2 protein chains.
Amino acid sequence: MTARDERRAALASRLDALEQVTAALAHATRRQILMTVHFWGGQMTAGEIAARFDHAWPTITRHLGVLVRAGLLGCEKVGRTRVYAVRKERLEVLRDWLDWFEPKKG
Amino acid sequence: MTARDERRAALASRLDALEQVTAALAHATRRQILMTVHFWGGQMTAGEIAARFDHAWPTITRHLGVLVRAGLLGCEKVGRTRVYAVRKERLEVLRDWLDWFEPKKG
DNA sequence: ACAACGTTTAGCGAATTGGCTAAATGATGG
DNA sequence: CCATCATTTAGCCAATTCGCTAAACGTTGT
């Protein structure tokens, strides 16, 4: 309710975001999915993604779910396909954390 | 042996570094250990670190081991204590990965 | 030599993860 | 409608993770 509570809530959700993002990036396949979609042009259907990996499709679906829950991918239903899109901004939460270790310059 | 093989080996070891670093950072306690040591002045003994967390000491020892193996902490034996020091440079491997998603400027 | 200290190692158990196959869902085309 | 296509959901299993306690290890002070 108070401004103080709002700041507290914002911090908590940022911490949670960091938690999800780091967990999502902790698996090589998921990092590769992100790179694949990014370099393909930012968005791909589930099938296009799955076709590029040596895993059963449901395995990829699960990884996609982790990435979506982490906010690193968006997902839109288009007819009978689903289009996943990289949400680069979400990586900021990790960059910000890393910046604690860089003496802020400028 | 050839220059080509060397490049291949360098790439493999960078990939491995990324793997270890992302895995290490995927746990809140380990991220917090890194921050704690960093803001304390870059180095602390195992006991000083353990004292600041609500976990049994062996649990912290294990987290320290993960961080050391990831190259994010160095460890030096000093008498009967062990001094852990943050190796910030190691975070570069992750920053470099993140940079793939930033349109290279300049 | 011995006790105490700082720390790690060993080993257990519960929870989570990441792979799989088989079955379900929901949209499209004939 | 019925079959097919794109995809997810359910559920299983093996491996890993992360917490713990108890025991071991190497160093220091007496």
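What you are looking at is a predicted structure, and each value in this text was computed from that prediction instead of being measured. Letters go in sequence order (proteins before strands), and every chain restarts at 1. Atoms considered below: every heavy atom in the structure, side chains included; atoms not considered: hydrogens, waters and symmetry mates.
With B:Arg30 contributing its side chain and B:His63 its backbone, the two residues share no donor-acceptor pair below 3.5 Å. A distance-only check finds a donor-acceptor pair linking the side chain of B:Thr36 to the backbone of B:Gln32 [under 3.5 Å]. Although no hydrogens or angles enter the test, the distance criterion places a donor-acceptor pair under 3.5 Å between the side chain of B:Arg52 and the main chain of B:Glu48. Between the side chain of B:His38 and the main chain of A:Trp100, a donor-acceptor pair closer than 3.5 Å is present.
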When you look at A:Gln20 and A:Leu67, which way does the side-chain contact (heavy atoms from CB on, under 4.5 Å) test go after all the steps?
CA-CA 9 Å; A:Gln20 312 250 99; A:Leu67 289 165; over 6 Å; no

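Taking 4.0 Å as the cutoff to heavy atoms of chain B, we find the contact window on DNA chain D bounded by D:dC18 to D:dT28.
Residue pairs satisfying the ring-ring contact (aromatic ring centres under 6.0 Å, His included) criterion with at least one member in residues 2-22 of chain A, sequence neighbours excluded, are absent.
Annotation: cation-pi geometry not satisfied between A:Arg62 and A:Trp57 (NZ/CZ under 6.0 angstrom from ring centroid, within 45° of ring axis).
The residue A:Thr61 sits close to a base: some heavy atom pair falls under 4.0 Å. Across all strands shown, B:Phe53 has no heavy atoms under 4.0 Å from either base or sugar-phosphate atoms.
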Any chance you could list the contact pattern along nucleotides 17-29 of chain C? Use B for base contacts, S for sugar-phosphate-only contacts and - for none, protein heavy atoms under 4.0 Å, 5' to 3'.
-BBBBB----BB-

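A donor atom on one side chain and an acceptor atom on the other are found under 3.5 Å apart for A:Arg31 and B:Thr22.
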